[in-house]
Amino acid sequence: MKFVYFFGRGKAEGSAAMRELLGGKGAGLAEMTRIGLPVPAGFTITTETCDYYFKHKRAVPRDLAKQVKDAMKRLEKATGKRFGDSRDPLLVSVRSGAALSMPGMMETVLNLGLNDVSVKGFAEATGNPRFAWDAYRRFIQMYSSVVENLPKHDFEERLTVVRKRFGASDDTKIPAEGWQDLVGQFKELYRGRTGHDFPQEPEEQLWGAIRAVFESWMADKAVTYRRVEKITGLLGTAVSVVQMVFGNWGEDSGTGVCFTRDPSNGEPHFYGDFLPNAQGEDVVAGIRNPLPLTEMAKTMPGPYKQLERARKLLERHYRDMQDVEFTVQQGELYILQTRTGKRTPAAAFRIAVDLAKEKLITKKDAVRRIKPHDIERLFYPVIDPEFPQAKLDKAKLAGGINAVPGAAVGKAVFTAQEAEEWASRGEKVILVRRETSPEDVGGMYVAQGILTATGGKTSHAAVVARGWGKCCIVGCEALEVDYSAKSMSVNGRSLSQGDWLTLDGNEGLVYEGQIPVAMPKLPPAYFTLLGWADTFRRLGVRTNADTPHDARKAREMGAEGIGLCRTEHMFFKDFEQPEHSADRQFAIQEMILADTSEARRLALAKLLPFQRRDFIGIFEAMKGLPVTIRLVDPPLHEFVPHEPERQRELAEKIGVSAEHVAKRVEQLHEANPMLGHRGCRLAITYPEILEMQVRAIIEAAVDCKKRGIQVLPEIMIPLTMDRKELAILTDATRRVAGEVLKKAGVKLNYTVGTMIELPRAALLADQIAEVAEFFSFGTNDLTQTVMGLSRDDAGRFLPDYVDETKAGVFKEDPFQSLDIEGVGMLIRWAIERGRSTRKNLKIGICGEHGGDPDSVKFCHEVGMNYVSASPFRVPIARLAAAHAVLEEEQRKPKGRGKKKEARPEAQ
Ligand code: PEP
Ligand code: MG
């Protein structure tokens, strides 16, 4: 069996395709050798050998010794030097490298092959004793730590003493005697700690290092890293033994790291650092300040030209921006490593678009390369990356669930009312609540960010905040809120109303004080790339929007209609004319408290003009695109005050007794409101609510049509469970709509459909589709009802279900990423049954899953017409819908792909 792969002098036994076997580093060195880059010669011991080592009680395969010996001979031939030669020894580095990058997790030994005799020969051969003794001390230092696990600080301490003794600001100033003295001290230290002399035999050194690299695969930090990063299925680390080249040989030498394009903004200029007369570890350790590459171009024009050539070659070959390590030894350039470079989200877009324009990749490749989180991170403010980490750590109060990303800074307030008052004075606030309810919507809207002690990613606070792209942390278990004292305490620290808080919704972290945040700017490449994605996708992408403002925002984000407009959010806040918010709240509360249907109608009549105005604004913003408006959904008790003080205020306003209000609120109380009097059940009991809402929708549509604005309303009935139930409500809807249209003398295309949110509705979808003209899967409630998990409370224990170290039942929170196995099975069934009755049934999804990439791909696969996502997730859904098509194409054998169909959502 072959365990060793050689590379050198333009030829390599391995290649980039052998990443699994040779590790990223080994495969990269082989590939770079093949394409003619100046790479030092060497060989790689395979990851299979590492696997063998751990499976055979740390024994190496029998053949390995011979294969390493042969490879060493080839290396001697390629370099013209001999391993262990006392005059001009061949020195090697021994490096680790798994198939996936695990930065800093595994070990490397440099300058291997030196001993007490050859160091002198090396000094003579190089004519530089200072350099030779420095190389030897580095070798002993690394070997002691990596192979023998001796504590690093013992060596560091002695190094510091020598630095001080010579008053050297920089290690190149320490003379040969200093390093020679240190070598003596290091060897003594080594003998004292291990009980044996530092190995002088290069063979023995080599095997010590090879075994140590294997061992580093199972070191605690590497095992933990793989667990945290969810890296599984790798065989182990490969070991690359490579001829040493020295960047610290003298002033005509140096070392550096470069990116083939700018990793911070993607601009196609060469970007990197260079340190003259230094070894790689000096750059990493930050002992000296590196110089920009422009300096290298001036001081070392020859090697710089070679580097420019390597840059072009690498990009052409790998078709992506590369992060490259290089060394210049006596004016000769060597490339030591290349890998795909990490980049900011803005750079990711710019690079993908530029590479496609330069024809290095296709547009499809470019779209494929952008990941959903690249988009997400592009939009939200972030904690200023310049802010010192130590200060940040000090300010940290607690962690919670990162429900909506972004960063927000404001003063803590504990009621929605105060949030609104403070905000109207121009203050920036963070609304801190134990939990939120629809009543808080006004305060949530004006707050910079929202923090709650309870709840999960689809709790009310999260859903509403996501719609606005507002930073939100929920489920912050350590948070205790004392409403009466207007204070909060977290892990023993107390804050009062008005104290500054900073939320990092990207990480779900809460900080005390004002931490600076930075706003990323959308790069032009973002628009180009998403335009390309739109040409590939077939799934329509709509938005969940409740206000004209959100609708406009969503259009900017590329939404092709509204898939869900939750009308009840308008009951509490007038988003366009905030001074009318109180009138709306009053009207809805009056309606709820009314005893007779007459009184209810009177109260509803007050609400009608407000709703009509909202719908006009939304229709105007959507300019003829479909707008799905859902009739009222939550249980009515959510709209009335529960605190005695607020109940008294309301009683006074409408001229009834406080007892009457309290009694009505009590009557509305339900033990399990999520399964109670909500959704279309409200309209069955109170048809006048439906009538008012339908009238407002159709009158708004008529108003727009008369002004030449195209409208396409889709009226949606929530929480349906039965054909007859739905028929009663669709009949009522058509009757009211008919009356309004007749009176106005206007013709209007509108449809009436339903949400599928209950298992019964999904099971009987064929019957429901006899009545409904469209379906929209409300997967928040459908997940809740199929799984028997409360969407408002499950956040308390669901993390354990997802945590692999605990139960690990689900890979993801099912309220966030659709449970394709269970809930998905019901969705497939409902689509099939629904379309068996009504062939062209239009089907979408409007639960939170409509903005989750994996769920969007599922929606594509099961043949939905569109997904609907909150405005800030519309671009993510557009990208995911394109990815769904591209992945489908990759799965199909070439040449047999179906011709692109028209997008079913296209009107
Ligand atoms: C749903 O249940 O998925 C839905 C969209 O409705 P809501 O979240 O308003 O209950
Ligand atoms: Mg619902």
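Whatever order the structure lists ligands and atoms in, that order sets their numbers, starting from 1.
Taking backbone and side-chain atoms together, E757 has an N/O/S atom less than 2.8 Å away from the Mg ion (ligand 2).
Residue contacts with ligand 1 for L564 involve side-chain atoms from C-beta outward but no N, CA, C or O (heavy atoms, distance under 4.0 Å). The backbone of T779, and not its side chain, has at least one atom closer than 4.0 Å to an atom of ligand 1 (non-hydrogen atoms only; backbone = N, CA, C, O). Under 4.0 angstrom from ligand 1, the non-hydrogen atoms of R791 all belong to its side chain.
Taking the Mg ion (ligand 2) as reference, the nearest N/O/S atom within D781 carries the name OD2.
Not a single heavy atom of M674 sits closer than 4.0 Å to an atom of ligand 1. Using 4.0 Å as the threshold, Q784 has no heavy atom nearer than that to any atom of ligand 1. For R630, the heavy-atom gap to ligand 1 drops under 4.0 angstrom.
Side chain to side chain, D766 and T837 fail the donor-acceptor criterion of an N or O pair below 3.5 Å. Under the 3.5 Å distance criterion, with hydrogens and angles disregarded, a donor-acceptor pair is assigned to the side chains of H580 and D583. No hydrogens or angles considered: a donor-acceptor pair under 3.5 Å links the side chains of T685 and H677. One side chain, N544 or S868, offers a donor N or O that lies under 3.5 Å from an acceptor on the other.
The six-membered or imidazole ring of H637 lies near that of H642, with a centre-to-centre distance under 6.0 Å.
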Are E714 and R630 close enough, and set up right, to give a salt bridge (Lys or Arg N to Asp or Glu O under 4.0 Å), and what steps lead you there?
CA-CA 8 Å; E714 299 177 337; R630 180 184 71 182; over 6 Å; no

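Here the protein heavy atom with the shortest distance to atom 5 (C) of ligand 1 is C846 O, 3.4 Å. The protein heavy atom nearest to atom 3 (O) of ligand 1 is N780 N, 2.7 Å.
Both the sub-6.0 Å distance and the 45° axial angle are satisfied by R542 relative to the ring of Y866.
Remark: ligand 1 and G778 share an N or O pair separated by less than 3.5 Å (distance only, no angle test).
Close approach to M755 involves these atoms of ligand 1, each under 4.0 Å from a residue heavy atom: 4 (C), 5 (C), 6 (O). Atom numbering of ligand 1 starts at 1 in the shown order; those under 4.0 Å from a heavy atom of R678 are 10 (O). In summary, the atoms of ligand 1 found under 4.0 Å from a heavy atom of D633, numbered by their order in the structure, are 10 (O).
Note that the OG1 atom of T436 and the CG atom of L431 stand 8.0 Å from one another [nearest 0.5 Å].
Note on ring orientation: taking the six-membered ring where Trp is involved, the planes of F777 and F775 are perpendicular (angle over 60°, cut-offs 30° and 60°).
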